[in-house]
Amino acid sequence: SAKDMKHRLGFLLQKSDSCDYSSSQGKKEKISSSQRLSQEEVRKWADSLENLIHHDRGLAAFRAFLKSEYSEENIEFWVSCEEYKKTKSPAKLSPKARKIYDEFISVQATKEVNLDSCTREKTSHNMLEPTLSCFDEAQRKIFTLMEKDSYRRFLKSPYYLDLVSPPGAGCGSENCKRNHTHSLDCNSNIISQCA
């Protein structure tokens, strides 16, 4: 519920000073508490859903937002499709396609995405001989769904607004500025943990 999410976010915000940031050696970007997203980068996320999800930290913020709405299956499906399209070995296409289909598209899918029957049927047919483009139509439909729905809500949510507004904006007292800066830093850190 929204109340649980608010409580969890409050807890995470309080805990940020003692947070443990682990990063594997294979990660491109090591996040330190002193690193911040530039306001310009964050503002670009509002230009298009594509800008948002093609930026590692933007994707992490959007994923965290969708998780709070219990609809993260959409972005997980989109990311799985992107990774699937990078498959080099033809022998791996079929098992990878089957895994994505079973997880997101089949009737018994654990993380079923919301597709119309026509797209679902076409994707099922594509599974007979999987190609790199067999999920393209389904992925496009889910992208459009996110773009028209959850992306718009994300731009009005604290997940985005706390990152895009400069520290202390609209606050008169030093105390307010300090609290806002703390939550901005912490939200950046929470997002970096998801990345």
Side-chain angles (χ1 to χ4, degrees), residues 2 5-6 8-13 15-16 19-87 100 103-104 111 113-115 135-170 179-195:
M5 203 56 218
K6 191 174 180 182
R8 257 185 267 144
L9 270 177
F11 175 75
L12 288 171
L13 290 173
K15 193 178 171 190
S16 72
C19 285
D20 222 16
Y21 304 108
S22 61
S23 60
S24 64
Q25 290 186 358
K27 268 198 168 180
K28 292 184 283 189
E29 184 181 328
K30 287 192 178 179
I31 309 294
S32 73
S33 58
S34 62
Q35 276 183 314
R36 288 199 179 97
L37 285 166
S38 79
Q39 293 295 309
E40 190 181 326
E41 280 179 310
V42 176
R43 282 192 190 98
K44 283 181 185 170
W45 299 351
D47 293 342
S48 71
L49 176 57
E50 238 173 77
N51 285 355
L52 174 68
I53 60 181
H54 284 100
H55 187 283
D56 289 345
R57 309 264 309 264
L59 177 61
F62 190 52
R63 185 177 267 159
F65 169 73
L66 290 176
K67 216 169 213 173
S68 77
E69 290 199 331
Y70 303 100
S71 62
E72 68 267 28
E73 70 279 352
N74 291 328
I75 196 65
E76 287 179 20
F77 172 67
W78 186 88
V79 169
S80 294
C81 290
E82 287 297 292
E83 289 169 3
Y84 173 77
K85 287 190 258 188
K86 295 174 188 166
T87 305
I100 292 170
E103 191 173 359
F104 299 103
K111 299 175 183 178
V113 290
N114 188 8
L115 292 171
F135 294 110
D136 284 1
E137 190 175 333
Q139 185 185 21
R140 235 184 335 273
K141 296 270 181 168
I142 293 304
F143 180 89
T144 303
L145 182 73
M146 291 189 296
E147 191 174 41
K148 289 181 178 175
D149 187 32
S150 45
Y151 171 62
R152 291 178 183 178
R153 286 196 307 279
F154 168 77
L155 294 177
K156 295 175 185 171
S157 77
Y159 290 87
Y160 178 70
L161 295 176
D162 285 355
L163 291 170
V164 78
S165 56
N179 287 342
H180 188 79
T181 302
H182 174 73
S183 73
L184 178 68
D185 292 345
C186 188
N187 279 350
S188 298
N189 291 334
I190 290 168
I191 289 165
S192 70
Q193 285 178 331
C194 298

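All heavy atoms count here, side chains included; hydrogens, waters and symmetry mates do not.
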Qualifying residues under side-chain hydrogen bond (donor to acceptor under 3.5 Å, both in side chains), relative to [X], sequence neighbours excluded:
{"X": "E76", "value": "K111"}
{"X": "N114", "value": "none"}
{"X": "E72", "value": "none"}
{"X": "E137", "value": "K122"}

For F104, all residues meeting ring-ring contact (aromatic ring centres under 6.0 Å, His included), sequence neighbours excluded: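 F104 satisfies ring-ring contact (aromatic ring centres under 6.0 Å, His included) with F77 only.
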Partner set under side chain to side chain contact (heavy atoms under 4.5 Å, CB included) for T87, not counting sequence neighbours: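 Listed in chain order: Y84, K92, L93, K96, L132.
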Residues which pass side chain to side chain contact (heavy atoms under 4.5 Å, CB included) with L115, listed by chain and number, not counting sequence neighbours: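 Partners of L115 by the side chain to side chain contact (heavy atoms under 4.5 Å, CB included) criterion, ordered by chain and then number, come out as I105, V113, T119, R120, A138, K141, I142.
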Carboxylate-amine/guanidinium proximity below 4.0 Å for R57 and E41: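 Here R57 does not pair with E41 in a salt bridge, since their nearest N and O are not under 4.0 Å apart.
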Salt bridge present between D136 and R140 (N-O < 4.0 angstrom):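 Result for this pair is no, no salt bridge flagged.
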Worked verdict on F143 versus I53 for side-chain contact (heavy atoms from CB on, under 4.5 Å): CA-CA 10 Å; F143 180 89; I53 60 181; 3.6 Å; yes
From L155 atom CG to R153 atom CZ, the distance as rounded to the nearest 0.5 Å: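 If I round to the nearest 0.5 Å, the distance is 11.0 Å.
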Spacing of CZ belonging to F65 relative to OG belonging to S71, to within rounding of 0.5 Å: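 Spacing of CZ (F65) from OG (S71) equals 7.0 Å.
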Applying salt bridge (Lys or Arg N to Asp or Glu O under 4.0 Å), name anything that partners [X], two or more places apart in sequence or on another chain.
{"X": "R152", "result": "none"}
{"X": "E147", "result": "none"}
{"X": "K44", "result": "E40"}
{"X": "E83", "result": "none"}

L49 and F62: CA distance, side-chain angles, deciding distance, side-chain contact (heavy atoms from CB on, under 4.5 Å) verdict: CA-CA 10 Å; L49 176 57; F62 190 52; 3.9 Å; yes
